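All figures in this text were calculated on a predicted structure; none of them were measured in a lab. So that the names make sense, note that chain A is the first sequence line, chain B the second, and so on, each numbered from 1.
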Amino acid sequence: MIPISLRERPAMRPERYNVRESEAKWRKAWADAQIFKTVNDDPRPKYYVLEMFPYPSGRIHMGHVRNYAMGDVVARYRRARGFNVLHPMGWDAFGLPAENAAMQNNTSPAEWTYANIAAMRAQLQSMGLSLDWSREIATCDPSYYKHQQKLFLDFLDAGLVARKKSKVNWDPVDQTVLANEQVIDGRGWRSGAIVEQRELTQWFLKITDYSDDLLASLDRLDRWPEKVRLMQRNWIGRSEGLAVRFVIDPATLGALKGEPQTSELDIYTTRPDTLFGAKFMAIAPDHPLAAAAAKHDPALKAFIEETRKLGTSVAAIETAEKKGYDTGIRVAHPFDPEWRLPVYVANFVLMEYGAGAIFGCPAHDQRDLDFVRAYGLGVTPVVCPPELDPASFTIGAKAYDGNGVMINSRFLDGMTVDQAKEEVSRRLEQITVGGNPQAKREINYKLRDWGISRQRYWGCPIPIIHCETCGVVPVPVKDLPVKLPEDVTFDQPGNPLNRHPTWKHVVCPQCGRAATRETDTMDTFVDSSWYFVRFTDPHNFSAPDDPAMADHWLAVDQYIGGIEHAILHLLYSRFFTRAMRKCGYLDLDEPFAGLFTQGMVVHETYRDADGQWLAPSEIRVEGDGDRRRAFLVEGSEPVEIGPTEKMSKSKRNTIDPDEIIATYGADTARWFMLSDSPPERDVIWTEAGVQGAYKQVQRLWRLTCEIERIIGPERPAPPADYGDEARRIRRIAHAALAKIEDEIERLRFNVCIAAIYELANELAAAVGAIGESPVGDDLRAAFAEAGDILVHCFAPMMPHLAEECWEALGHKGFVAQSSWPVADRSLLVSNHVTYVVQVNGKKRGELTIERDADAKRIEGAALALDAVVRAMNDKPARKVIIVPLRIVNVVV
RNA sequence: GCGGGCGUGGCGGAAUUGGUAGACGCGCCGGAUUUAGGUUCCGGUGACGUAAGUCGUGGGGGUUCGAGUCCCUCCGCCCGCACCA
């Protein structure tokens, strides 16, 4: 698989480009010249390109290679286009794996983390990324989290922090609290343990203060993928509706034996117009009324238990039947005191949303319809679709949730849905029950406040002191950072900060009495919610940022990362930006002007006869297509070729970037990661793909050497006149340049690379055509220009090779520092154009004609073409359509 | 269940956004160079057909002078989700 011959015989091919030597040489040259160091007060327009910073797991993977290769193309391209580019790198360095490693290897999380950072930094540096390493930050460093603690205190002052008792998801293995979104299928996202519900006092950031703003601003993020915006929109989940108080018939409350003392059932609805179609009330299994009723009703208690077991997983919910339990409680219809509605506990009503209770209108909600079909509660349609006859309109298996005319609804009859919603809201607002209006218009959000407390050691300490006398006291700013103690042990579960002998014991800054520190640390999403700000002034000792610098560099012009952060990281960062603005740290609303989410790197999977996963290096493949078979590297034991999946350690289908770079070089790895698939889609790692990329490295090098041979030792001055061939070469080069430019700007790297291949193919053919014959100055000049253009075009993807070629073409200095050539688009316009000639929409021929030929001449020439005459078959042309510069269509 | 996306040669994918379908790469076939293999170079490669040509972008229908692209409908695959009242 690995081309051994390349390693063994370089000396026999002296013209071969020595990847390893050259790459190391240029990386050192860039570093020595510090050409990627960004200064803040550069007068050129700024461009901030950022890739999501990695967690320092210890080794980079191919996903990183792809992500950072993309960002580096953008950075190098923008630099060449005259921008002052900020392209920094850092480490998302807090988090659980460091504690697990500490437990297993008896090291400290800090030691483990910093060793990983050193290893990964070296790996990233071997990729030849144009990063400003002088701005490197690690979120676990006190010089970073000190400022995060300051931000927390500022947010506290600004009223953006809340301390609430709340039911939390407790992960019994990790012994920590998880956010709702960190609970997947009822299990912790890291530990996989079944999550329990516990009541704890937690710190929250009030992201819901910005619900509306975070939602509305999405419309302005026009350089974000629509998919991500939609996901955030759904996550925020705004709905306009009506909160309605239903009066409970006291006679039906007897079973509750006076507890709770309630006379009303509050519900929330977005469809008040359907109130006359109501057939039942449904409350969530964990609704207080349900709990109260269950106290005296073992069957109900059992039912609630059963629904709990259902869990929250999508699969379970999908297959679950709509089930309910009649509590015996009855409420009065708001518009008809005689009309009684039964109150059910239902498995499809969520306590967390709205009021945890609804009224069910089966005709116009599928869930409600399914429910009444099971319990025989009847269906009355109240909205009749337009153009259907109300008298005969009935509901079958499907609820109708569209617009229409109100029917069977007393005073609403004849209204539209919107009018009916308004009328019901207006009337109920005016009815008073027990001194309050019966209904209130309400806007609800699914978004909830962000709980940031984590019962962990390896995170940013929350700078708070608990005093028995003074209560919750912020740590004075002068005492920041609250540093993590280094002498901690991980020999037992739970938070080491909590059991540390001295760390948490302090005196209260207010009263001087003995007090204790907050031992919770912050969710690591806090760390990554402002690192892009810190990069603008990374070594500021006294403050999180310099507002002038932050405002100069932000927003990030191009942010690149995985789709898995579509909601949490990006939403939290958007919130943080608003919170920091409120506290005066910057003056902008959106942190990321352009967002790109790249696809994964995937690879085939292999298993042996026992079903054990095998690494790609342990197998060999023979044949192709349907005859493709895999065997163990040694021997003939067959291996099963499994589906192509995301590279993962567990399936052993990973490829180590280190090995690829050592064998083929960084340029090959980068090129391949960009060439084969559209960047937003998954790319399949194949050996053939890497080798193809490697071949291209060598081919571009040879081509450059050939071009250099034609140019000769002296570069000719541009001549006054170019001959036909020289003009042709210039046209090819400039056409390619224009296309490549467009494609890089649209981040369509695979198409861009295809255009580079095309240019190289054309130039190679032109070089071949010349052979050993003498070459005029005009042609030499054209080749010199084309060679420069070629090198510039692939320089963002294969920067090392580009430097070597740039030097071979006789240039001093770095191509990485030279300006992008200007595409002369006027060269692309020739005075002849080629029309495609169709007859009845079918291509029959081509017509090359003067650019300025008029319609009559084009029509005449087109109709005279042999193939056109033949296809017309003596029939007269009924119509001739001419699209200027493109196509002629003859209709017969 | 809801929402979103996708479907193009043997494979990955292009297609100026309604105007030459299959760019470019991989693979495959043939040739040259080479002691041989590999490398490198040249040519060919959607299907059917000797050819003129016919067919062809998941299936069916429609709009249009013209559809991979727009509309309707069906099928298949992928992703997201919180039954959101």
Item to check | With sequence neighbours excluded, residues passing side-chain contact (heavy atoms from CB on, under 4.5 Å) with A/A766 | outcome: A/E725, A/R728, A/I729, A/F783
Checklist entry - If we take the C1' atom in both B/rU35 and B/rG30, what is their distance in whole Å? => result 22 Å
Checklist entry - Which value, in whole Å, describes the distance between the P atoms of nucleotides B/rG37 and B/rU33? => result 12 Å
Checklist entry - Between B/rG80, B/rC41, B/rG25, which nucleotide gets closest to the side-chain atoms of A/Y757? => result B/rG25
Next on the checklist: To the closest 0.5 Å, what do you measure between CE (A/M647) and CE (A/M600)?
Outcome noted: 11.0 Å
Checklist entry - Would you say the side-chain atoms of A/D273 pair up with the backbone N or O of A/V424, donor to acceptor, closer than 3.5 Å? => result no
Checklist entry - Quick one: is B/rC55 close enough that its OP1 or OP2 comes under 4.0 Å of any side-chain N or O from A/K842? => result yes
Next on the checklist: What's the gap between B/rU45 and B/rA51 when it is taken at their P atoms, as a whole Å value?
Outcome noted: 13 Å
Item to check | Syn/anti state for B/rU39 [syn: chi within 90° of 0] | outcome: anti
Checklist entry - Dot-bracket for RNA chain B, 5' to 3', with Watson-Crick and G-U pairs under 3.5 Å, [ ] for crossing pairs and | for other-strand pairs: what is it? => result (((((((..(((......[....)))((((((.......))))))(((....)))..(((((..]....))))))))))))....
Item to check | Short side-chain donor-acceptor distance under 3.5 Å, A/T208 and A/D449 | outcome: yes
Checklist outcome for this item: Testing B/rC83, B/rC24, B/rU17 for proximity to the side chain of A/E758, the answer is B/rC24
Item to check | Rounded distance in Å - CD1 (A/I756) to P (B/rA23) | outcome: 18 Å
Could you go through nucleotides 61-64 of chain B and list every protein N or O atom that sits under 3.5 Å from one of its N or O atoms, giving the distance for each pair?
none

Item to check | Closest non-hydrogen atom pair between A/P285 and A/V349, with its separation | outcome: CD-O, 3.6 Å
Checklist entry - What orientation do A/F246 and A/F359 show, parallel under 30°, tilted 30 to 60°, or perpendicular over 60°? => result tilted
Checklist entry - Which comes earlier along RNA chain B counting from the 5' end, the contact point of A/P272 or that of A/G841, where each point is its nearest nucleotide? => result A/G841
Checklist outcome for this item: By nearest-nucleotide position on RNA chain B, the 5'-leaning member of A/G356 and A/Q232 is A/Q232
Checklist entry - Do A/H287 and A/L265 have side chains that get closer than 4.5 Å, going by heavy atoms? => result yes
Checklist entry - Using the ring of each side chain (for Trp, its six-membered ring), is A/F371 parallel, tilted or perpendicular to A/Y375, with breaks at 30° and 60°? => result tilted
Next on the checklist: Taking the side chain as everything from C-beta on, heavy atoms only, tell me whether A/V892 gets closer than 4.5 Å to A/N840.
Outcome noted: yes
Item to check | Heavy-atom donor-acceptor pair, A/Y400 side chain to A/V383 backbone, under 3.5 Å | outcome: no
Checklist entry - For B/rC26, does OP1 or OP2 lie under 4.0 Å from any side-chain N or O of A/K695? => result yes
Item to check | Rounded P spacing from B/rA67 to B/rG62 in Å | outcome: 12 Å
Item to check | Separation of B/rG12 C1' from A/F749 CZ (nearest whole Å) | outcome: 18 Å
Item to check | Pairing residues for A/D370 by the salt bridge (Lys or Arg N to Asp or Glu O under 4.0 Å) criterion, not counting sequence neighbours | outcome: none
Checklist entry - Looking at RNA chain B, which of residues 882-892 of chain A put a heavy atom within less than 4.0 Å of it? => result A/V883, A/R886, A/I887, A/N889, A/V891
Checklist entry - What residues in residues 669-686 of chain A put a non-hydrogen atom under 4.0 Å from any atom of RNA chain B? => result A/D676, A/S677, A/P678, A/R681
Item to check | A/F348 side chain, from C-beta outward: closest of B/rA21, B/rC83, B/rA23 | outcome: B/rC83
Next on the checklist: List the residues meeting side-chain contact (heavy atoms from CB on, under 4.5 Å) with A/A764, not counting sequence neighbours, and say none if there are none.
Outcome noted: A/R699, A/L703
Item to check | Euclidean distance for C1', B/rC72 against B/rC83 (whole angstrom) | outcome: 30 Å
Item to check | Sugar-phosphate, base or nothing in reach of A/N234, heavy atoms under 4.0 Å | outcome: base
Checklist entry - Counting side-chain heavy atoms from CB outward, which of B/rC24, B/rU40, B/rU20 is closest to A/V836? => result B/rU20
Checklist outcome for this item: The contact string for nucleotides 42-47 of chain B, one letter per nucleotide 5' to 3', using protein heavy atoms under 4.0 Å with B, S and - for base, sugar-phosphate only and none, comes out as ------
Item to check | Residue A/I881, side-chain heavy atoms: nucleotide from B/rC65, B/rC41, B/rC83 that is nearest | outcome: B/rC65
Item to check | Spacing between A/D368 atom CG and B/rG1 atom C1', to the nearest angstrom | outcome: 14 Å
Next on the checklist: Output the rounded distance in Å from NE2 (A/H364) to C1' (B/rC2).
Outcome noted: 19 Å
Please list, for nucleotides 49-53 of chain B, all pairs of protein and nucleotide N/O atoms separated by less than 3.5 Å.
from, atom 1, to, atom 2, distance (Å)
B/rG53, OP1, A/R870, NH1, 3.0

Item to check | CA sep, side-chain torsions, deciding dist, call: A/W235, A/L568, side-chain contact (heavy atoms from CB on, under 4.5 Å) | outcome: CA-CA 9 Å; A/W235 189 261; A/L568 301 179; 4.3 Å; yes
Next on the checklist: For A/Y757, give me all partners under side chain to side chain donor-acceptor pair (under 3.5 Å), at least two apart in sequence or on another chain.
Outcome noted: A/W671
Checklist entry - Side chain of A/L230: nearest nucleotide among B/rG3, B/rC83, B/rC24? => result B/rG3
Checklist entry - Under 30°, 30 to 60°, or over 60°: which ring-plane class applies to A/W701 and A/Y17, parallel, tilted or perpendicular? => result tilted
Next on the checklist: Between B/rU20 and B/rU57, how far apart are the two P atoms, rounded to whole Å?
Outcome noted: 16 Å
Next on the checklist: Does A/E743 form a side-chain contact (heavy atoms from CB on, under 4.5 Å) with A/I753? I'd like the steps, not just the answer.
Outcome noted: CA-CA 9 Å; A/E743 300 301 351; A/I753 282 177; over 6 Å; no
Item to check | Span that lies between the C1' atom of B/rC79 and that of B/rC65, in whole angstrom | outcome: 40 Å
Checklist entry - Are the side chains of A/C361 and A/R271 in touch, meaning some heavy atoms are under 4.5 Å apart? => result no
Item to check | From B/rC65, B/rU40, B/rC26, nucleotide with atom closest to A/A688 side chain | outcome: B/rC26
Checklist entry - Since syn is defined as within 90° of 0, does B/rG61 count as syn or as anti? => result anti
Checklist entry - How far, in whole Å, is B/rG53 from B/rA14 if one measures between their C1' atoms? => result 27 Å
Checklist entry - Within this structure, what is the CE-to-C1' distance between A/M231 and B/rC2, rounded to whole angstrom? => result 15 Å
Checklist entry - salt bridge (Lys or Arg N to Asp or Glu O under 4.0 Å): which pairs involve residues 667-680 of chain A, sequence neighbours left out? => result A/D72-A/R670
Next on the checklist: Suppose we screen for salt bridge (Lys or Arg N to Asp or Glu O under 4.0 Å). Which residues come up paired with A/D401, at least two apart in sequence or across chains?
Outcome noted: none
Checklist entry - To the nearest 0.5 Å, how far apart are CG in A/L215 and CG in A/N234? => result 10.0 Å
Checklist outcome for this item: Separation of B/rA67 atom C1' from A/K843 atom NZ, nearest Å, is 18 Å
Item to check | Distance test, side-chain N/O of A/N750 to OP1/OP2 of B/rG12, below 4.0 Å | outcome: no
